[in-house]
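Counting starts at 1 for both ligands and their atoms, following the listed order.
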Amino acid sequence: DTIPRFGTETPHEAKLAELMDNIDAWGLNIFDVHNYSQSHSLTSVMYTIFKKRNLIETFRISPQKLINYLVTLESHYLDVPYHCSIHAADVTQAIHVLLLIPSFENTFTDLEILAALFAAAIHDVDHPGVTNQYLINSDNELALMYNDTSVLENHSLAVAFKLLQNEDCDFIENLSDEQRKILRQISIDMVLATDMSKHGAIMQTIQSFHQSLKAKQCKDSNSNSSTNDSLVLTEQKERVQLLREMLHCADLSNPTKHLSIYTQWVDRIMDEFHYQGDRERSAGMPISPMCNRRTADIEMAQIGFIQAIVEPLWQMWAQLVYPHCQQMLDNIDSNRQWYEYQISNRSSRNNT
Ligand SMILES: COc1ccc(/C=N/OC[C@H](O)CN2C[C@@H](C)O[C@@H](C)C2)cc1OC1CCCC1
Ligand SMILES: [Mg+2]
Ligand SMILES: [Zn+2]
């Protein structure tokens, strides 16, 4: 039986086709994709990107096995407000767009691109909608299993690779042993780097790492080749470091999107944090930061998130690929201003 155009059967194929015309754009509305793909945004986004990047031919992937894997992976994302399959689809599409930046035209091998997209798709699978700290504080089985270390990230990796052992889901069966080893190595590295407790370490190294890359890029531009814009990294280690940063950026990209998309993600993360806070409160545990719905200041928390985490990270990234990520910085700025305006409005409302 033939495979549907976007990997999943949907009565809205024409509308989905219209949306998928924007698969290369930062402005793609992933919530519309989810609705018109019958809640298969992760499957349809990944399948469309794989076809567009010719990865199915390059790695002799069985389309049916790819679909089997993606549908199974998608079904292992839980129905939690934020860390659900739409977030995985969102991050996957984001990393696809970041990989399209001209600076990376000649940077990554096909295998590294395959690994990066795979890592994005799997990075939060089976996420229970609570933080690592909550799992540790509540003596959860997962914290016991992973010795309190990057518990959620280790768990998502283990689940994703377990699903791959399923004969009719093994879409990488035609990769050589060496290629499978590299794909596994890069995916593990990238997903473990999405643990927010690693954010500080990434910010420590990003400055000097990017300066060294820019220095090399300048040398290339003397060769007045058309690709003087592109970053050439001879070491796989350096390319993986760049991919690690790229997935972290994609994971923290909500404030870089149009306000109408960003605010939907804010609602979802706050639902998830407040539900965790409810569980902590009823268990007599201390309530985690930003998880208490009774004292929440959502606008202030987002301004803090943007100023402390998202803007500094994206400024480093935008500097490396200048002028290609200006839209992200502009959206961060206008979104922060919008939240500041909400706060100023709120105080004047109280004065009336
Ligand atoms: C759109 O807004 C967001 C989008 C993603 C995220 C992702 N967070 O990472 C997931 C982990 O849970 C990380 N932290 C949990 C927290 C309780 O403690 C931190 C030390 C670790 C957060 C967002 O806003 C948050 C921050 C400010 C208001 C809520
Ligand atoms: Mg995560
Ligand atoms: Zn994530």
I need the single residue from H123, H34, H127 that forms a ring pair (Phe, Tyr, Trp, His ring centres under 6.0 Å) with H87. Which is it? H123

Does [X] share a hydrophobic cluster with [Y], counting links as ILVMFWY side-chain heavy atoms below 4.5 Å and allowing steps through other members?
X	Y	answer
L313	W26	yes
L42	I3	yes
L329	W338	yes
I101	M316	yes
Y82	L142	no

Quick one: which ligand 1 atoms are inside 4.0 Å of a heavy atom on [X]?
X	value
M270	29 (C)
M196	9 (O), 13 (C)
M290	26 (C), 27 (C), 28 (C)

Within-shell test, S288 vs ligand 1, heavy atom, strictly < 4.0 Å: no

Report for the Zn ion (ligand 3), protein N, O or S closer than 2.8 Å, by chain and number, lists H87 NE2, H123 NE2, D124 OD2, D251 OD1

What protein N, O or S atoms come within a distance below 2.8 Å of the Mg ion (ligand 2), ordered by chain and number? D124 OD1

Using heavy-atom distances, let me know which of Y134, F305, F273, Y262 sits nearest atom 29 (C) of ligand 1. F273

Ignoring hydrogens and geometry beyond distance, is a side-chain donor-acceptor pair present between [X] and [Y] at under 3.5 Å?
X	Y	answer
T256	W314	no
S138	N140	no
D330	Q326	no
Q264	N254	no

With respect to Q302, determine whether any N or O atom, backbone or side chain, lies less than 3.5 Å from an N or O atom of ligand 1. yes

Ring center gap for Y322 and W317 short of 6.0 angstrom: no

Would you say the ring centers of Y339 and Y262 fall short of 6.0 Å from each other? yes

For D90, the salt bridge (charged side-chain N to carboxylate O under 4.0 Å, His left out) test, sequence neighbours excluded, returns K257

Angle between ring planes, F118 versus Y69, binned at 30° and 60°: parallel, tilted or perpendicular? tilted

Mind telling me whether F50 and F171 have parallel, tilted or perpendicular rings, with 30° and 60° as the class edges? perpendicular

Logged contact type for Q133 with ligand 1, heavy-atom cut-off 4.0 Å, is neither

Relative to ligand 1, is P289 under 4.0 angstrom through side chain, backbone, both or neither, heavy atoms considered? backbone

For [atom], closest protein heavy-atom neighbour:
atom	answer
atom 12 (O) of ligand 1	T131 CG2, 3.3 Å
atom 5 (C) of ligand 1	Y82 OH, 3.5 Å
atom 1 (C) of ligand 1	N254 OD1, 3.6 Å

Would atom 25 (C) of ligand 1 count as contacted, meaning some protein heavy atom under 4.0 Å? yes

For atom 9 (O) of ligand 1, decide whether some protein heavy-atom distance is shorter than 4.0 Å. yes

Pairing residues for Q211 by the side chain to side chain contact (heavy atoms under 4.5 Å, CB included) criterion, not counting sequence neighbours: Q207

